[in-house]
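Data block below; observations after.
Numbered from 1 within each chain, the chains take letters A, B, ... in sequence-line order. Because only heavy atoms are used, hydrogens play no part in the values below, and waters and symmetry mates are left out as well, while side chains stay in. Only a predicted model underlies this, so the values are computations on that prediction, with no experimental measurement involved.
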Amino acid sequence: MPELPEVETTTCGIRPHIAGQRIRKVIIRHKQLRWPIPSDLAQQLERRTVLGVTRRGKYILLLFKHGTAILHLGMSGHLRVVSAETPARKHDHVDILFANDCLLRFNDPRRFGALLWTGLDYQQHTLLKNLGVEPLTTAFSGRYLFAAARSRKVPIKSLVMDARVVVGVGNIYANEALFAAAIHPLLPACALTLIQAQQLVAAIKKILRGAIKAGGTTLSDFLQADGKPGYFRHLLVVYGRAGQPCVNCNNFVQVIRLAQRSTFFCQHCQVNL
DNA sequence: AATCGCGCCTGACGGC
DNA sequence: TGCCGTCAGGCGCGAT
């Protein structure tokens, strides 16, 4: 999916168009996403006003007086704001039409995304209540990561991709951050030193901020709310570069499989195993 | 409690 | 040209 920078880019991109706007109509063309879209969703949303648009981890939240719509982009989803008369294309599963003639359109070819509703405090929702800290807050510190890692034997890459520890770090940015911090992805989490934890946290923050600034990373499907791709792809230094020279030392970038995910690193620069 | 691997989907690509 | 296997930004779930 879209990792945190793509979700943040989308959240900020749609907010000015829909916050404070009243929903006129909800069209659901394909309700079978990762979970079925609740049958009463259109009824919950129509004639209601969006009070705010926010994000928790990779979940986009549309806030209403009487509840919250919870949207996840999955692996291949994107949200766009288009004009009301724009014809629907393939994989345009949901349209939310606003009184100001803005159309919020959810497209997701692989349908790993989700659109759910909760009438309660969204923070208590099953999908959100066990999420870890936000990576761009002061709560995500070297000491925090060090403490979370001490009791864990999983590779450090798996730990930083564990949403119960820190949200939003997906495969691309985990690879990039570990390279930037010169830490081998297979290093057991419990072997991480405090200094390394501090370096890794700093690298994650720097990379996520840089990716948000660039509008995210587009490999194939992701688009910003205005339809433009993200440009961070050009700034990736290890992800997808197997066999190419390391930007640091010119040795070849390696690729291995770790937890079914492609894992890129430089054997020379990330030696601390 | 922690860890592992599966599967939900479509589509792009490479080898034969 | 087409068929087949593999891979792709995520993540909850059941088995161990």
Please determine whether a side-chain nitrogen or oxygen atom of A:H91 lies at a distance below 4.0 Å from atom OP1 or OP2 of B:dG11. yes

By a strict heavy-atom criterion of less than 4.0 Å, which residues belonging to residues 107-120 of chain A are in contact with DNA chain C? A:R110, A:F112

Just to be sure I understand: a Watson-Crick pair is purine N1 to pyrimidine N3 plus N6-O4 or O6-N4, both under 3.5 Å. Using that and G-U wobbles, which stems of three or more pairs involve DNA chain B? B:2-8 with C:10-16, B:10-16 with C:2-8

Without decimals, in angstroms, what is the distance between A:I207 CD1 and C:dG9 C1'? 16 Å

Whole-Å distance between B:dT10 P and A:D92 CG? 15 Å

Are A:T11 and A:T9 close enough, and set up right, to give a side chain to side chain contact (heavy atoms under 4.5 Å, CB included), and what steps lead you there? CA-CA 6 Å; A:T11 304; A:T9 296; over 6 Å; no

Nucleic acid contacts - residues 223-234 of chain A versus DNA chain B, non-hydrogen atoms under 4.0 Å: none

If the P atom of B:dA1 is compared with that of C:dC11, how far apart are they to the nearest Å? 23 Å

Could you go through the side chain to side chain contact (heavy atoms under 4.5 Å, CB included) check for A:V50 and A:L45 one step at a time? CA-CA 9 Å; A:V50 175; A:L45 302 189; over 6 Å; no

A:R34 side chain, from C-beta outward: closest of C:dC11, C:dC7, B:dG5: C:dC11

Which part of the nucleic acid, if any, lies within reach of A:L127 when heavy atoms closer than 4.0 Å are counted: base, sugar-phosphate only, or nothing? sugar-phosphate

When the ring planes of A:H234 and A:Y231 are compared, do they come out parallel, tilted or perpendicular, using 30° and 60° as the limits? parallel

Would A:W35 and A:H72 count as a close aromatic pair, with their ring centres under 6.0 Å? no

Report the distance from atom CG of A:L236 to atom P of C:dG9, rounded to the nearest whole Å. 11 Å

Does A:S151 reach a base, just sugar-phosphate, or nothing at all? Heavy atoms under 4.0 Å. nothing

By side chain to side chain contact (heavy atoms under 4.5 Å, CB included), which residues pair with A:L219, not counting sequence neighbours? A:I172, A:T217, A:R233, A:Y239

Separation of B:dC4 atom C1' from A:R257 atom CZ, nearest Å, is 14 Å

Suppose you measure atom C1' in C:dG9 against the same atom in B:dT3; what distance do you get, rounded to whole Å? 23 Å

Sequence neighbours left out, cut at 3.5 Å: what donor-acceptor pairs do the side chains of residues 197-214 of chain A make with other protein atoms?
from, atom 1, to, atom 2, distance (Å)
A:K205, NZ, A:T137, O, 2.7
A:K205, NZ, A:F140, O, 2.9

P atoms of B:dG5 and C:dC7, separation to the nearest Å: 15 Å

For A:L186 and B:dC4, what is the distance between atoms CG and P respectively, to the nearest whole Å? 11 Å

Within the 3.5 Å criterion, strictly below it, is a donor on A:T263 or A:R257 matched to an acceptor on the partner's side chain? no

I'd like to check A:Q21 versus A:N100 (side-chain heavy atoms, cut-off strictly below 4.5 Å). Are they in contact? yes

Side-chain N,O (A:H72) to OP1/OP2 (C:dG10) below 4.0 Å: no

N/O (side chain, A:R261) to phosphate O (OP1/OP2, C:dA8) under 4.0 Å: no

Can you measure A:K31 atom NZ to B:dC8 atom C1' for me and round it to whole angstrom units? 17 Å

Please test A:I60 against A:T10 for side chain to side chain contact (heavy atoms under 4.5 Å, CB included), starting from the C-alpha separation and ending with a verdict. CA-CA 9 Å; A:I60 296 169; A:T10 298; 3.8 Å; yes

Rounded to whole angstroms, how far apart are CD on A:E3 and C1' on C:dC11? 13 Å

Indicate whether the side chain of A:K157 and that of A:N171 have a donor and an acceptor atom separated by less than 3.5 Å. yes

Looking at A:L178, A:N175, A:I256, A:L236, which one forms a side-chain contact (heavy atoms from CB on, under 4.5 Å) with A:F264? A:N175

Ring center gap for A:F222 and A:H78 short of 6.0 angstrom: no

Looking at C:dG9, does its base get a donor-acceptor pair with the side chain of A:S220 below 3.5 Å? yes

Can you classify the ring geometry of A:H93 versus A:F106 as parallel (below 30°), tilted (30 to 60°) or perpendicular (above 60°)? perpendicular

Looking only at C:dG10, B:dG11, B:dG5, the nucleotide nearest the A:K90 side chain is B:dG11

Criterion side chain to side chain contact (heavy atoms under 4.5 Å, CB included) on A:H91 and A:R110, from CA distance to verdict: CA-CA 9 Å; A:H91 308 308; A:R110 290 175 71 181; over 6 Å; no

Where along residues 152-178 of chain A does a heavy atom fall under 4.0 Å from DNA chain B? A:R152, A:K153, A:V154

Among C:dG9, B:dG11, C:dG12, which nucleotide sits nearest the side chain of A:W35? C:dG12

CG on A:L136 to CG on A:L4, rounded to 0.5 Å: 6.0 Å

Does A:Y239 put a side-chain nitrogen or oxygen below 4.0 Å from OP1 or OP2 of C:dG9? yes

Send over the distance from A:L4 CG to C:dC11 P, rounded to a whole Å. 10 Å

